[in-house]
Amino acid sequence: MTTGGGNDNRGDEPGAKDSLVLVTGAGGFIGGHLVADLLRDGHSRVRAVDCKPFSEWYQRFPEADNRVLDLREIGACREAAKEAATIFNLAADMGGMGFIETHKAECMLTVLINTHMLMAARDAGTERFFFSSSACVYAADKQTDAQVTALKEADAYPAMPEDGYGWEKLFSERMCRHFREDYGLATRVARYHNVYGPYGTWDGGREKAPAAICRKVVAAKLSGRHEIEIWGDGEQTRSFMFIDDCLTGTRRLLASDIVEPLNIGSDQLVSINELVSIVEGIAGITLKRNYKLDAPKGVRGRNSDNTLIQEKMGWAPSIRLEEGMEKTYRWIHDQMVAREKGAAAE
Ligand code: NAD
């Protein structure tokens with residue numbers, strides 16, 4: 001169940017390969033890939049935690065210590081963190097723009113997970129704690145133009161992040177900082193910019209643009225109705241990072257001495273219209289585009305400034321969108337065909 005990406009030149013987690021590594025949100029997209037990556041890399045004790053029923057996890061590994069726990073509860077966090085030398089805290093109640101613009105309170109309640117996980121990690125003597133923050137922490141007034149100036153880490157302040165989801169992430173970033181300063185917990189914070197790839201959410205309302213566009217193009221291809229609905233005018237811009245780059249950046253950051261929040265994102269800027277064209281190219285079809293102007297669109301433009309990550313790590317995400325989308329499209333295509341036949345594809 002790999003995406004085919006290697007993990008060469010990765011930093012490694014502190015401590016031995018047999019020290020306990022906890023991944024929260026392991027039933028989700030990035031968490032599932034991270035568990036796979038750690039196991040592939042020889043980690044013998046990986047604890048995987050999510051609140052979803054185990055049968056609904058996107059990737060399942062019997063060799064991991066899999067637990068279904070609701071991490072909003074402090075007791076569950078203590079059980080999860082017990083003996084963990086390293087914690088990757090990825091659990092969050094989140095989704096794409098269609099979800100976060102309409103579920104702000106739910107997104108903010110993730111503060112319970114992040115608060116309780118930090119407390120549990122502090123009390124369990126955890127050596128390294130990773131937190132997945134987001135580009136949604138960046139101030140809205142710096143993202144009003146499609147030809148955006150890429151966001152550098154300092155642009156999060158003065159604070160005016162994405163309502164709900166972004167405020168929670170920014171608050172939890174600061175908690176990580178103060179747990180480091182006040183309690184000596186070694187926290188590392190990544191600001192992920194749109195991550196995509198196989199084994200992620202592709203329907204149901206929480207999916208993000210790359211997966212949603214793949215699904216719509218596959219549906220058009222399978223049905224013969226060569227039309228696509230695009231949210232907004234399609235000229236809004238973003239950058240999208242393939243999951244393999246996300247894993248490399250995550251593990252390198254965890255192993256590094258970089259204590260301030262760091263962008264982990266691609267700087268290949270595209271408009272949504274260009275993204276649709278890429279997927280049309282992969283599918284070998286051209287679709288009539290119908291623009292839904294009142295749909296959730298998010299900010300007008302967003303890109304990752306990778307100066308700091310290059311400077312600190314000598315590395316930055318580089319997998320081309322065309323390459324990553326090809327893999328993502330194929331996987332979603334197979335899922336949809338299998339669903340039509342009444343079975344989930346591997
Ligand atoms: P995901 O939704 O696929 O995975 C998150 C997982 O957390 C889900 O499986 C969910 O069931 C689990 N979860 C939610 N509430 C929980 C609870 N109370 N207890 C235990 N588990 C719980 O999302 P993802 O794309 O894998 O994102 C992982 C992390 O990265 C999140 O913190 C997210 O905010 C952050 N992030 C992701 C992106 C992206 O583009 N995917 C971008 C920026 C930041």
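All ligand and atom numbering here is 1-based and tracks the order in the structure. For the single chain, residues carry numbers from 1 onward in sequence order. Keep in mind that what you see is a predicted model, and the values were worked out from it rather than measured.
Polar contact with ligand 1: absent for A135 (N/O pair, distance under 3.5 Å). Residue contacts with ligand 1: H193 is placed with no nitrogen or oxygen under 3.5 Å of a nitrogen or oxygen of the ligand (distance criterion only). In terms of polar-atom proximity, K208 is counted as a contact of ligand 1, with an N or O under 3.5 Å from an N or O of the ligand. At least one N or O atom of I30, backbone or side chain, sits closer than 3.5 Å to an N or O atom of ligand 1. Considering backbone and side-chain atoms alike, L90 places an N or O below 3.5 Å from some N or O of ligand 1. Considering backbone and side-chain atoms together, D70 places an N or O closer than 3.5 Å to an N or O of ligand 1. For ligand 1, the polar-atom distance check against G28 finds a nitrogen or oxygen pair separated by under 3.5 Å. Between A91 and ligand 1, no pair of N/O atoms sits closer than 3.5 Å. The distance criterion of under 3.5 Å between nitrogen or oxygen atoms is not met by S134 with respect to ligand 1. Residue-to-ligand polar distances keep N194 apart from ligand 1: every N/O pair is separated by 3.5 Å or more.
For R191, no heavy-atom contact with ligand 1 is shorter than 4.0 Å. No part of R206 comes within 4.0 Å of ligand 1, judged by heavy-atom distances. In Y165, the part holding a heavy atom less than 4.0 Å from any atom of ligand 1 is the side chain.
Nearest residue to atom 6 (C) of ligand 1 from L112, D50, I264, N114 is D50 (criterion: closest heavy atom). Across the listed options A76, G200, C51, C51 owns the non-hydrogen atom lying nearest to atom 16 (C) of ligand 1. Proximity annotation for atom 44 (C) of ligand 1: of S133, A211, C136, S133 comes nearest, heavy atoms only. Heavy-atom proximity to atom 37 (C) of ligand 1, evaluated over H116, M94, R67, is greatest for M94.
Look at R191 and E173 and you find a salt bridge, because one of the NZ, NE, NH1 or NH2 atoms lies within 4.0 Å of a carboxylate O, short of that distance. Ion pairing between a basic and an acidic side chain is recognised when a charged N comes within 4.0 Å of a carboxylate O; R339 and D203 show such pairing. At a threshold of 4.0 Å, the pair R72-D70 counts as salt-bridged, since one of the basic side-chain nitrogens sits closer than that to a carboxylate oxygen. Salt bridge status for K312 with E260: absent, with no side-chain N to carboxylate O gap under 4.0 Å. Of the charged side-chain nitrogens involved, at least one lies within less than 4.0 Å of a carboxylate oxygen, so that R330 and E326 count as a salt-bridged pair. Between E83 and R45 there is a salt bridge, since at least one side-chain N of the basic residue sits less than 4.0 Å from a carboxylate O of the acidic one.
Shortest contact from atom 5 (C) of ligand 1 to any protein heavy atom: A92 O, 3.7 Å. Among protein heavy atoms, the minimum distance from atom 19 (N) of ligand 1 is reached at L71 N, 2.9 Å. Nearest protein heavy-atom contact of atom 3 (O) of ligand 1 is F29 N, 2.9 Å.
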Go through the steps to decide whether W231 and I213 satisfy the test side-chain contact (heavy atoms from CB on, under 4.5 Å), and finish with yes or no. CA-CA 10 Å; W231 286 9; I213 291 168; over 6 Å; no

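Ligand-side atoms of ligand 1 in range of K169: 31 (C), 32 (O), 33 (C), 34 (O), range being under 4.0 angstrom from any heavy atom. Close contacts of ligand 1 with G25, meaning ligand atoms under 4.0 Å from a residue heavy atom, involve 6 (C), 7 (O). Distances below 4.0 Å separate heavy atoms of K52 from the following atoms of ligand 1: 9 (O), 11 (O). Listed by number with element, the atoms of ligand 1 under 4.0 angstrom from any heavy atom of V195 are 39 (C), 40 (O), 41 (N).
Of the residues V217, T328, V218, the one that meets the side chain to side chain contact (heavy atoms under 4.5 Å, CB included) test with H333 is V218. Considering M241, H33, H193 in turn, M241 is the only one that fulfils the side chain to side chain contact (heavy atoms under 4.5 Å, CB included) rule with C246.
Heavy atoms of M241 stay at 4.0 angstrom or farther from ligand 1. Residue L69 places a heavy atom less than 4.0 Å from ligand 1.
Using cut-offs of 30° and 60° for the angle between ring planes, the Y199 and W331 rings count as tilted. Relative ring orientation between Y183 and F179 is described as perpendicular, the plane-to-plane angle rising above 60° on a 0-90° scale split at 30° and 60°.
With hydrogens and angles ignored, the 3.5 Å screen pairs no side-chain donor or acceptor of W57 with any backbone N or O of A26. In this structure a side-chain-to-backbone donor-acceptor pair under 3.5 Å is present from S266 to Q268.
Aromatic ring centres of Y196 and F242 lie closer together than 6.0 Å.
The neighbour count for K82 NZ, taken as heavy atoms of other residues, nucleotides or ligands under 6.0 Å away, does not exceed 12.
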